[in-house]
Amino acid sequence: MKFDAFLPYLLVMAAVTYLVRAVPLVLIKKKIQNKFILSFLYYMPYAVLSVMTVPAVFFATGSVVTAVAGVTVALLLAYFKQSLLTVAAGASLAVFAAEMLMRYLS
């Protein structure tokens with residue numbers, strides 16, 4: 001990409017980002033009391049984070065099989081209320097072990 005095209009792209013991105021944040025502040029003057037809208041706004045960050053993270057998890061390793069092994073271990077550890085560090089380390093070790101097993105078997 002040429003540097004000449006960078007500045008217009010940057011300005012458009014800045015304007016869109018600003019408008020997305022500023023327009024609701026200008027248009028909505030009173031407190032939101034609708035339970036559906038409050039619920040929607042409460043869960044939106046979790047949904048967006050999930051949609052961005054989950055597909056990347058399955059393509060972060062050398063094979064989908066090893067990714068599934070890591071996700072399975074992570075879900076099990078999270079289900080048993082382990083810390084984030086334990087979940088991440090366990091999933092990483094599971095992926096590593098699955099990769100080694102697949103290399104050994106092939």
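Between Ile28 and Ile32, the closest heavy-atom pair is CG2-CG1, 4.3 Å.
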Table please: side-chain donor-acceptor pairs of residues 10-25 below 3.5 Å, with sequence neighbours left out.
unit_1: Thr17; atom_1: OG1; unit_2: Met13; atom_2: O; d: 2.8

Output a table of donor-acceptor pairs, distance under 3.5 Å, between side-chain atoms of residues 75-91 and any protein atom two or more places apart or on a different chain; print 'none' if there are none.
unit_1: Gln82; atom_1: NE2; unit_2: Phe80; atom_2: O; d: 3.4
unit_1: Ser83; atom_1: OG; unit_2: Thr86; atom_2: N; d: 3.2
unit_1: Ser83; atom_1: OG; unit_2: Thr86; atom_2: OG1; d: 2.8

Just distance, no hydrogens or angles: give the donor-acceptor pairs under 3.5 Å from side chains in residues 37-53, sequence neighbours left out.
unit_1: Ser50; atom_1: OG; unit_2: Tyr46; atom_2: O; d: 2.9
unit_1: Thr53; atom_1: OG1; unit_2: Leu49; atom_2: O; d: 2.8

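Under a 4.5 Å side-chain heavy-atom cut-off, the cluster of Ile, Leu, Val, Met, Phe, Trp and Tyr residues that includes Tyr104 is completed by Leu101, Leu105.
In this view, Phe96 and Met100 satisfy the side-chain contact (heavy atoms from CB on, under 4.5 Å) rule, not counting sequence neighbours. Residues forming a side-chain contact (heavy atoms from CB on, under 4.5 Å) with Ala67 (at least two apart in sequence, or on another chain): Phe58, Thr61.
For the pair Glu99 (side chain) and Thr66 (backbone), a donor-acceptor distance under 3.5 Å is absent.
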